[in-house]
Amino acid sequence: MDNHTVLYRQMAAIRSFETLLLDQFSSGIFRGTTHTSLGQEANAVGVLANLSEDDIVVSNHRCHGHFLAYGGDPQALFAELMGKPSGVCGGVGGSQHLHWRNFYSSGIQGGTVPMAVGMALAEKQQNSGAIVVNFMGDGTLGEGIVYESLNMASLWQAPILFVLENNRIAQTTPAHLAIAGSIPQRFEAFNIPAKHLDSSDVLEILPLAGELIEKVRTEQSPHALVIETARLGTHSKGDDTRSPEELAALWAARDPIAIHGARLDESTRQQINQQVEQVIHGAFQAALDSEGGTA
Amino acid sequence: MTDKAPTTVLDSLNLGLHTAMQEDSRVYLLGEDLLDPYGGSFKVTRGLSSRFPDRVWTTPISEAGIVGVAGGMALRGLRPVVEIMFGDFTTLIADQLINHLTKFNAMYAGQVGVPVVIRTPMGGRRGYGPTHSQTLEKLYLGVPGLTVLAPFHLRGEMPLGTPGTLLHQAITTTDAPVFFVENKLQYLLPLIQPGEGNEFEMIEIHPGDETRAPFYRVRLQSAPPPRITLAAYGYMAHLAMDALKQLAYQDEIFAELLVPTQLAPFELDPIYDSVQSTHRLLTVEEGSPALGWGAEVLARTAETLGAGLHQAARIGAQGVVVPASPQQEAACLPDVSKIINRAREMVR
Ligand SMILES: Cc1ncc(C[n+]2csc(CCOP(=O)(O)OP(=O)(O)O)c2C)c(N)n1
Ligand SMILES: [Mg+2]
């Protein structure tokens, strides 16, 4: 399989997982809430394709895409969302609180940024060679602890890549109502070099992220990647205050699966879609059939 | 650090830190203004940055941030210790403590440990005024996953007894976050050895298993059976010991004092055992009593002993802002005479 189809397959799997999740939410199988990464799959896949075995990912509330791109098991994630003992964290964590191998996520905005910096410092102190990739959203820039953390990351030269997924919205609040000034300059003010990319194309995200991860690793210092992106789905289960026109325009221009899918011929695409559907539906059913939980 | 045996609580804590850092290269120390020659606002970290320059990090004024960083370090194999300069500033770390560090173990289904010790001095009597004199540990008692410890000013052979060994033990053995409550006036207290130049006798009690931080039961030597139980920790244990003596010599009221070094999780069997024979319990804390340590101790004792508890009372600070002026501050905070007066009323 060439690289194009691998990337497509990964993004399609995330899309399939989350579409099924949203479809099934009203059936009562899942509890609580969930935040899907519809439209942002290329960030997860493009960035994390560059990781080495021991690298660490610190994610946020919108973590399913990151988790699956990291290599997380869709069945264990479904089971976690169903509150089952066979889930990633035995059903305690739920949608936003995942830990598997070197993947960690949590649901308090900004609060995991110092943790990510501390992890990077610990790896550096122990000469493990591992680096940290820390995802956050634009809305999270409102939290003061982010700036404490950027300051310490720079001061102590933590090997960490901050990936800011700027979908220009936080829940219902558009960025212009919440963010003053420049996002890249926030990082640069702390002497953390920031690259800015306006793209939903995995083939643009992947090499730039790769370059930065390489720099983080060799320089043993922090870098930032600000990706302009689009949230094509609702914030969580069904809350979206944007107009249908605005959403239609975003779907037409910024769907990473359509953008990258156009590079594959129709039959290959169909074939991958079918295989992915089968795997994801199989994972869903197996999770449903496993012991316990809310089902 | 000197090679002499420590004589004060401050020296003992300092020695505990030195020993932990020397024994275990995973121990890091983070905090504001820790570097020598200053060695921290209250000098508890004196000498450490000279001896372990790579592992003692002076930090920006970012209380929440450094606790978060310590959490990340702990998740990845280190054993960080954080000094928060004044206990008052622990309000800034509440989110990191409650929503992050203490959550990880349970929410990640037991896959991780978070060995972080957060040390901080609470308390007044230094005239520092409303924002630098509070006793706030009650805010953290009962947070699931958080152990709260408070040292007792003991010297001697008891395994975990000295402030330094309690701290050392916490740093080197914990798997979960520890909130280690010090007290500004307690730092200066001489360490005491039961029976040596004083009239106290003490026994160490381990409720639960041996790894739990101990309780101490304090009585006057060869005193008749006690008629009231006092319970206090930290600097208040020092005041309560003074009250114990005065009650005996002036009023012939004999009391015994129970001093926990582990405040949370609550394991109060030694208090229940004592109250079973005295039927009276008086708690002393430096913070305001509302919804505090004493309230919880009394509630649990009442739940456990039922009608076996005849009388119960709490001593603590007035529920007001701690004033800066010496007279007003003294009126606000608990002292020996308040303990004695309350105990008299209860026993009379
Ligand atoms: C401290 C905190 N405040 C508020 C929330 C509720 N909340 C969850 S996600 C979210 C929006 C986050 O926006 P952003 O950082 O842009 O990420 P996005 O959802 O766009 O991926 C909010 C307000 C929270 N989880 N944590
Ligand atoms: Mg956003």
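Naming: A, B, ... by sequence-line order, numbering from 1 per chain. Small disclaimer: the values here were computed from a predicted structure and weren't measured.
Neither the backbone nor the side chain of B/A70 has a heavy atom closer than 4.5 Å to any heavy atom of chain A. Looking at A/I108, the atoms closer than 4.5 Å to chain B (heavy atoms on both sides) sit in the backbone and in the side chain alike. For A/L98, the part lying near chain B is the backbone, with the side chain staying farther off; criterion is any non-hydrogen pair under 4.5 Å. Neither the backbone nor the side chain of B/I61 comes within contact range of chain A; no heavy atom of the residue lies under 4.5 Å from a heavy atom of that chain. When heavy atoms are compared at a cutoff of 4.5 Å, B/V112 approaches chain A solely by way of its side chain, counted from C-beta outward. For A/V132, no part lies under 4.5 angstrom from a heavy atom of chain B.
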Could you list each donor and acceptor atom pair linking chain B to chain A at less than 3.5 Å?
{"from": "B/Y28", "atom 1": "OH", "to": "A/Q125", "atom 2": "OE1", "distance (Å)": "2.6"}
{"from": "B/G65", "atom 1": "N", "to": "A/E148", "atom 2": "OE1", "distance (Å)": "2.6"}
{"from": "B/R76", "atom 1": "O", "to": "A/Q126", "atom 2": "NE2", "distance (Å)": "2.8"}
{"from": "B/R76", "atom 1": "NE", "to": "A/E123", "atom 2": "OE2", "distance (Å)": "2.7"}
{"from": "B/R76", "atom 1": "NH1", "to": "A/N102", "atom 2": "OD1", "distance (Å)": "2.8"}
{"from": "B/R76", "atom 1": "NH1", "to": "A/Y104", "atom 2": "OH", "distance (Å)": "3.0"}
{"from": "B/R76", "atom 1": "NH2", "to": "A/E123", "atom 2": "OE2", "distance (Å)": "3.3"}
{"from": "B/Q96", "atom 1": "NE2", "to": "A/G111", "atom 2": "O", "distance (Å)": "3.0"}
{"from": "B/Y108", "atom 1": "OH", "to": "A/S105", "atom 2": "N", "distance (Å)": "3.4"}
{"from": "B/Y108", "atom 1": "OH", "to": "A/S105", "atom 2": "O", "distance (Å)": "2.6"}
{"from": "B/Q111", "atom 1": "NE2", "to": "A/H99", "atom 2": "O", "distance (Å)": "2.9"}

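The heavy-atom pair separating B/A109 from A/G90 by the smallest distance is CB-N, 4.2 Å. Minimum heavy-atom separation, A/M152 to B/P60: CG-CG, 3.8 Å.
Heavy-atom pairs under 4.5 Å with chain B were tallied for A/G107, A/G144, A/G111; the largest tally goes to A/G111. Per-residue heavy-atom pair counts under 4.5 Å with chain B were compared for A/I145, A/V58, A/V88, and the maximum is reached by A/I145.
Using a 4.5 Å cut-off between non-hydrogen atoms, no part of residues 136-145 of chain B approaches chain A.
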